[in-house]
Amino acid sequence: MPAIIVVDAFWGDSGKGKVTAHLARRLDAALAVRAGVGTNAGASFTLDDGTLVKQRQLPTAWVNPRTRLAVGPGVLVDPAILADELQRFGVADRTMVDPRCGIITTDDLAEDAADPFLRKVVGTSGSGVGPARARYVNRKAQQVRELTEFTGLCGDVALEANTRSAAGEVVLIESAQGTQLSLSLSFEYPCTTVKNCTSAAAIDDVGLSWRQVGEVVLVVKALPTRVGEGPLPHEMTHEEAVRRGIAEYGVNTGRPRRKATQIDADLLRYATMVNGPTQIALTFADHIDPAVKGVRSPEGLTAEVRRVIDEVERITGCPVTMVDTGPLLNDIVDL
Ligand code: IMP
Ligand code: MG
């Protein structure tokens with residue numbers, strides 16, 4: 001079975017991590033590889049036993065003990081965050097990090113936090129990815145291969161992903177951020193992240209051949225959100241989000257997420273065009289109708305949610321195959 005790419009249609013924070021974790025268990029994936037910029041990502045979900053998990057560096061597929069984990073060569077690594085997640089999830093014996101990954105240093109963190117342009121105009125996550133990537137592009141960065149503490153984890157992730165996929169094993173590629181945050185494909189520069197966040201960018205982050213791509217899952221957040229600066233069509237006030245009980249806060253920064261009242265059809269059409277999805281995961285469906293919260297079978301989906309599913313299928317021309325209904329890993333209708 002060739003590789004499955006999971007990407008986000010809008011501004012991230014859509015539950016890509018949860019969708020990937022679900023697929024890892026459902027398909028008993030052999031390998032999951034993190035793509036995307038770096039530790040500006042923040043995924044959160046709740047395990048079946050009620051434990052809230054937050055993570056920024058490793059693939060969320062660690063929840064399946066049989067899935068091997070990897071970080072693609074295009075992804076920036078923060079050594080402290082990598083070390084913390086390896087230890088917290090107890091996965092060092094099944095994790096591979098590409099030696100070519102660029103390093104985020106404490107200087108990068110300080111520069112991201114101190115730069116008034118990055119802080120106020122872009123509203124970055126403060127995780128140092130901009131300064132680190134600029135240095136990497138200038139060929140002045142350190143790579144993971146230079147860090148002795150990770151020697152045992154180093155391996156060619158591109159080789160691993162292509163070989164396993166070509167052998168018919170299930171390989172998941174978990175991207176990060178979202179299409180509308182793409183550096184050159186967004187129309188909102190400079191309110192973007194530091195590279196593209198599309199399906200093509202994700203396979204490039206890993207070094208996976210396009211011939212190995214079997215499915216592209218586009219994650220569509222039912223009520224899209226945005227953290228940081230830049231336009232958000234159909235934005236609701238934070239007070240309204242609080243009143244409706246659907247206010248969200250950033251995993252990394254705790255910033256309130258700006259929230260929209262609906263999906264923007266033009267942006268979804270554009271995201272479909274540039275990502276070429278084969279299926280859709282509709283996430284945060286309980287934010288459009290609280291009656292579906294925690295629902296796990298199709299009969300529990302309400303008319304209001306079905307209307308949005310029909311609309312998303314009409315715009316994208318793809319089937320909605322998963323509907324996320326709450327924070328628990330198992331709060332999902334797998335169609
Ligand atoms: P940076 O990627 O930290 O430099 O931030 C640039 C812009 O992208 C800011 O608006 C961030 O809030 C946004 N951003 C970066 N990564 C993510 C993410 O994983 N989820 C949501 N927003 C993100
Ligand atoms: Mg996030």
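We count residues from 1, following the sequence as given.
Environment of CZ in Arg26: sparse, with no more than 12 heavy atoms of neighbouring residues, nucleotides or ligands closer than 6.0 Å.
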Verdict with reasoning, Thr225 to Asp13, per side-chain hydrogen bond (donor to acceptor under 3.5 Å, both in side chains): CA-CA 7 Å; Thr225 55; Asp13 302 322; 4.8 Å; no
Salt bridge (Lys or Arg N to Asp or Glu O under 4.0 Å) assessment of Arg25 paired with Asp48: CA-CA 13 Å; Arg25 297 208 293 199; Asp48 314 326; 3.3 Å; yes
Steps toward side-chain hydrogen bond (donor to acceptor under 3.5 Å, both in side chains) verdict (Asn252, Asn40): CA-CA 8 Å; Asn252 293 344; Asn40 48 348; over 6 Å; no
Residues Glu248, Lys221; criterion salt bridge (Lys or Arg N to Asp or Glu O under 4.0 Å); working and verdict: CA-CA 13 Å; Glu248 294 177 46; Lys221 190 170 188 174; 2.7 Å; yes
Steps toward side-chain hydrogen bond (donor to acceptor under 3.5 Å, both in side chains) verdict (Trp62, Gln55): CA-CA 11 Å; Trp62 66 266; Gln55 61 182 98; 2.7 Å; yes
side-chain hydrogen bond (donor to acceptor under 3.5 Å, both in side chains) between Glu215 and Thr278, worked out: CA-CA 6 Å; Glu215 299 282 339; Thr278 57; 2.5 Å; yes
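With no hydrogens or angles considered, no side-chain donor-acceptor pair links Lys16 and Thr20 at under 3.5 Å. Thr51 and Asp49 share a donor-acceptor pair across their side chains, judged by distance under 3.5 Å alone.
By the criterion of side-chain heavy atoms lying less than 4.5 angstrom apart, applied directly or through intervening Ile, Leu, Val, Met, Phe, Trp or Tyr residues, Leu301 is grouped together with Val220 in one hydrophobic cluster. Residues Val75 and Leu153 fall within the same hydrophobic cluster, defined by Ile, Leu, Val, Met, Phe, Trp and Tyr side chains chained together at heavy-atom separations under 4.5 Å. The hydrophobic clustering, which links ILVMFWY residues whose side-chain heavy atoms are closer than 4.5 Å, places Leu223 and Val292 together. Both Leu31 and Val7 are members of a single hydrophobic cluster when ILVMFWY side chains are connected at heavy-atom separations under 4.5 Å. Leu185 and Leu267 end up in different hydrophobic clusters when Ile, Leu, Val, Met, Phe, Trp and Tyr side chains are linked at under 4.5 Å.
At least one donor-acceptor pair under 3.5 Å links the side chain of Arg255 to the backbone N or O of Gly123. The backbone N or O of Val227 lies less than 3.5 Å from no partner atom in the side chain of Arg257, so there is not a single donor-acceptor pair. Using modelled atom types, no side-chain atom of Arg296 and backbone atom of Gly300 make a donor-acceptor pair closer than 3.5 Å. Listed for the Thr321 side chain is no donor-acceptor partner under 3.5 Å among the backbone atoms of Leu335. Although no hydrogens or angles enter the test, the distance criterion places no donor-acceptor pair under 3.5 Å between the side chain of Asp289 and the main chain of Glu304. Under the 3.5 Å distance criterion, the side-chain polar atoms of Gln177 are left unmatched by any main-chain donor or acceptor of Gly36.
Note that CG of Asp266 and CD1 of Ile315 are 8.5 Å apart. Values are rounded to the nearest 0.5 Å. Atoms CG and CG, from Asn196 and Leu183 in turn, are 6.0 Å apart once rounded to the nearest 0.5 Å. With rounding to the nearest 0.5 Å, the separation of OG in Ser127 from CG in Asp78 is 8.5 Å. Considering CG of Leu181 and SG of Cys197, their distance stands at 6.0 Å, rounded to 0.5 Å. In this structure, CD on Gln57 lies 5.5 Å from OG1 on Thr39, to the nearest 0.5 angstrom. Here CD of Glu239 is found 11.5 Å from CE of Met236. Values are rounded to the nearest 0.5 Å.
Using a 4.5 Å heavy-atom cutoff, the side chains of Leu47 and Val53 are in contact. Between Glu174 and Leu23 there is no side-chain heavy-atom pair separated by less than 4.5 Å. The shortest side-chain heavy-atom distance between Met96 and Leu69 does not fall under the 4.5 Å cut-off. By the 4.5 Å heavy-atom criterion applied to side chains, Cys101 and Val71 are counted as neighbours. In this structure the side chain of Gln143 reaches within 4.5 angstrom of the side chain of Tyr136, judged on heavy atoms. Within the 4.5 Å cutoff, side-chain heavy atoms of Val295 are placed close to those of Val333.
Between His238 and Tyr249, a ring centre-to-centre spacing shorter than 6.0 Å is recorded.
Contacts classified as salt bridge (Lys or Arg N to Asp or Glu O under 4.0 Å) and involving residues 188-209 (residues at least two apart or in different chains) are given here: Glu188-Arg226, Lys195-Asp205. Contacts classified as side-chain hydrogen bond (donor to acceptor under 3.5 Å, both in side chains) and involving residues 147-160 (residues at least two apart or in different chains) are given here: Arg100-Asp156, Glu160-Arg164.
At least one test fails for Lys18 against the ring of Phe45: distance under 6.0 Å to the centre or angle within 45° of the axis.
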